[in-house]
Each structure stands twice: as C-alpha cells, then as structure tokens.
Amino acid sequence: MNWQWFYQLGSPKWFYQKTHYWQHWLGAFALMMLVVGAIWGLAFTPMDYKQGNSFRIIYVHVPASAVSLAGFYIMALAGAAGLIWRVKLQYTVMSVAAPIGAILTFLSLVTGAIWGKPTWGTYWQWDARITFTTVQFFLYLGIIALQQAYRNQNTADRACAMLALVGTVNIPIIYKSVDWWYTLHQPATLKLTEKSSIAPEMAYPLIWMILAYYICYVWLLISHTNAASLRRERKSSWVQALFSDRNATKVT
Amino acid sequence: MHPLRKQRLITVIFIVIASSALVGLVLYALSENLNHFYPPTKIVSGEAPVGKTIRAGGCVVPGSVKRDGKTLVVRFDLTGGTARFSVDFEGILPDLFGEGEAAVVIGQLESDGVFKATEVLAKHDENYMPPEVDDALNADNDGSEHQRTCEALDYAS
C-alpha cells in the first residue's frame, strides 16, 4: 500500500500550504452560521410549554457539550497518531485541541448552571453527568498544563497523548451517565435511533447550531494548528523562507 | 505497517483498554453511590438510611400536594409507580415543580417513613415543545408523549 499521502498529512508545511488560503473563509462561514443560528433560536423559535424562554440556552449548551465531547476524541486520536507514527502535525493538532475543548466544556458547565437555577432550582448538583463533565474540564486543563511542564517539546507531546488516551474513558461515561444512574440531568433529547422528544420547529435551529459549532471547531483547529506549527517550526527553512519573503515584500 | 509502528499501535490500544477496564471496575464498584438520588422503592423498602442527609426522587402524585394556608409548609407524595412516600417541606418550591412531574428532594428520612426535605429540586424531563403543541396534546388527553416517565404511571394504584 502506498502510504505517501498519509505521511504528507503529517507534514506541517504541507498542511499550512493546503489550508492557510481558505481558513479565514471557513472562519467567516462558521461565524455567519453561528449568528444565523443564534437569531433563529432566540427570536424565531416558539418558547417551551414548561420552561418558557429559559429553554433557549439549549442552543448554546447542547452544541458546546456535544463538540467538547467529540473534541476530546479528536485530541486523543491526534495524540495516538503522533505516538504511533511520530509525526509532528498530529501532536500540534492535539496540543491546540486542548484549549478549544476546555473553553467549550467551560461554556457547557456555565450555561448548564445558568439554566439549572430557573429549571431545577439550583445552580449546581454533584450528579453523575455534571461531575464527570467537570472531570473532563480538568482533563483538558491537565493537558494544557502538561504541554507547559516539559522543556522538551517531544516529551511534553508524548505525555499529553498518554493523558488524552486515558481521558477518553471519560467520554462514554459522560454520554451514558443519564441512562446508567439516577441523575438530576435529563436523558438525551435528540435521539439517533428513535423519535426525538423535541418539537421539529425547536429541533431544526438546534441541529443548525450543532453543525455551526462543529464548523467553528474545525476552523479554530485548523487556524490554531497553523499558528502553532509556525511557532514550533520557527527554526525550519520553510518558516524562515515564509517570513523573509513577507519582510522582503514589505520593504520593497 | 512497519513492525515498530504496529507495536506502538498495540501499546496505544492496550493503554485505552486497560484504563477503560480499570475505570469500568471502579465505576461498577461505586455504581450505587453514583446515583444522585434514591428511587421511591428504596425509600419504602428501608434500603435508604434513616436520619442521614440523602436525596430521593420520584414523581409528584397528582392531588397529593397540600399547602398550609398560613406558612410555607407543604406536604406531597412521591411515587415510582407502586412505592409511595410523603415529603414534608418548608420553603419556596421551584417554578417547574408540579403535580405529575418529577422532583428530587434533599433531606432526611424520618423513622416514621416521612421525608423531611430541606431542599426541593424540579427534575426536568427531556421533552421540549411549544405551548400550543402542549395544549393540543392535552385537548386530546391521550396520555401524550410528554413527561413519559411520570405521565406513564398509573397513580390510582
């Protein structure tokens, strides 16, 4: 089998050249989708029969939670690819996925607490889902801290990849916690295999927002990967050439 | 695949499987403690400790909510279908608390089987719909989809 395409995927230079032209367009598209989805969900969706307007936080809470979970798998898979093939780009993807995931998890926890007060009557309960989501937040923070903890980049990357792999255990637990135990948090509303327990006119903006969050995530991942690649490879000839070219054009 | 990489792949898979097994066993051992609340059957059967601060959850039996006219004292029954127990609470109930809805109460179980709650939380279900749809469903009164867990119960038994 020809593995050349695969090794190209591991090259920061190749990735930068392929993506840096259109990453800003992807960003503009992602932000547009977010704005459209937010207006749709906040202004043009009927309110809930029981919760009134406070249900609208679902349009931030559910996408943030879903992408923070998926993001952990992306981070761990990138880490695994880095461990197995010793490729630079995958480690870079892993290291930039951690802060993005941490912010999304934080957003999920905060919006959940804001919603919990009017709905449940409390900001915080140590129920299984909330607790394990907090664990995920600390795992993300741990990976960010571990990146800084070693002077040698390669050692830091390997340690982070290990932690990310072990941390994936938490993902199915968060996902299934509402079915496995009695929790204050309600079970899933959007279901893949059976009828969703949300009215269609409320579900469409939600699906739109989840999609918007995913696109936004991909944009952040690509642009941060490129930025981190430039920093990590600052001594390499292709980055040097890139910047000497730019300086040259500026001067002339 | 290069043998060295294959070996690393096996190591990675081993890390994931070993840590999953470890965490799985821990969770299995702790499973009971990870429940956020006791269901009514455990409260009634005496499996829940008496005189210790615990959480209990169930569906509020319709017609069981009795308020004291002068104070904030309220008494209601929680059920899981067959088992049923009374809750005493003094304070303001959350907005989404209601008959035929799920609730979680925090407090102590008295020896006479009454639960003295210090806090009452409304447990929201996974159903979302506009008010008009709910009205339409209630007009049919066919035991609609909403609040399946609590609505499906036969409270008469």
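Lettering follows sequence order; numbering is per chain, from 1.
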Above 12 or not: heavy atoms from other molecules or residues under 6.0 Å from [atom1] of [X]?
X        : atom1 : answer
A:Tyr217 : OH    : yes
A:Tyr73  : OH    : yes
A:Phe106 : CZ    : no
B:Arg5   : CZ    : yes
B:Gln7   : CD    : no
A:Arg86  : CZ    : yes

Residue part contacting chain A, namely of [X], when any heavy atom lies under 4.5 Å:
X        : answer
B:Leu9   : both
B:Ile92  : neither
B:Glu119 : side chain

Just how far is it from atom [atom1] of [X] to atom [atom2] of [Y], taken to the nearest 0.5 Å?
X        : Y        : atom1 : atom2 : answer
A:Ile171 : B:Ser20  : CD1   : OG    : 11.0 Å
A:Lys50  : B:Tyr128 : NZ    : OH    : 10.5 Å
A:Gln51  : B:Asp95  : CD    : CG    : 11.5 Å
B:Leu4   : A:Trp85  : CG    : CH2   : 12.0 Å
A:Thr183 : B:Phe37  : OG1   : CZ    : 7.0 Å
A:Leu184 : B:His36  : CG    : NE2   : 5.5 Å

Query raised in the report: Got a donor-acceptor contact below 3.5 angstrom from the A:Asp48 side chain to the B:Met129 backbone?
Result: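 Yes.
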
**Report entry** A:Trp120 vs B:Val120, side-chain contact (heavy atoms from CB on, under 4.5 Å): CA-CA, chis, key distance, verdict
**Finding:** CA-CA 9 Å; A:Trp120 294 333; B:Val120 174; over 6 Å; no

**Report entry** Option in B:His2, B:Lys6, B:Arg8 with maximal non-hydrogen atom pairs under 4.5 Å from chain A
**Finding:**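 With the most close heavy-atom pairs to chain A, the winner is B:Arg8.
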
Query raised in the report: For B:Pro94 and A:Gly121, which heavy atoms make the closest approach, and how far apart are they?
Result: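 Scanning both residues completely, I find the closest heavy atoms to be CB-CA, 4.2 Å.
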
Query raised in the report: B:Ser19 and A:Val169: which non-hydrogen atoms are nearest, and at how many Å?
Result: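 Minimum heavy-atom contact is OG-CG2, 3.5 Å.
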
Query raised in the report: So which part of A:Ile173 gets closer than 4.5 Å to some heavy atom of chain B, the side chain, the backbone, both or neither?
Result: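 Contact with chain B is through the side chain of A:Ile173 alone.
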
Query raised in the report: For A:Ala161, is it the side chain, the backbone, both or neither that has a heavy atom under 4.5 Å from a heavy atom of chain B?
Result: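 Neither part.
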
Requested in this report: Would you mind telling me which of A:Thr45, A:Val178, A:Leu83 has the largest number of heavy-atom pairs within less than 4.5 Å of chain B?
Outcome: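 Most heavy-atom pairs under 4.5 Å with chain B: A:Leu83.
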
**Report entry** Best-contacting candidate, A:Pro187, A:Ala80, A:Ala203, against chain B by heavy atom pairs under 4.5 angstrom
**Finding:**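 Ranked by heavy-atom pairs under 4.5 Å with chain B, first place is A:Pro187.
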
Query raised in the report: Hey, does B:His124 have a side-chain heavy atom less than 4.5 Å from the side chain of A:Trp115?
Result: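 Yes, their side chains come closer than 4.5 Å.
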
Query raised in the report: Going through the checks in order, is the side-chain contact (heavy atoms from CB on, under 4.5 Å) test met by B:Leu34 and A:Phe132?
Result: CA-CA 11 Å; B:Leu34 284 167; A:Phe132 286 115; 4.3 Å; yes

Query - Stepwise side-chain contact (heavy atoms from CB on, under 4.5 Å) check, A:His185 with B:Lys123 - result: CA-CA 7 Å; A:His185 196 289; B:Lys123 178 167 159 38; over 6 Å; no

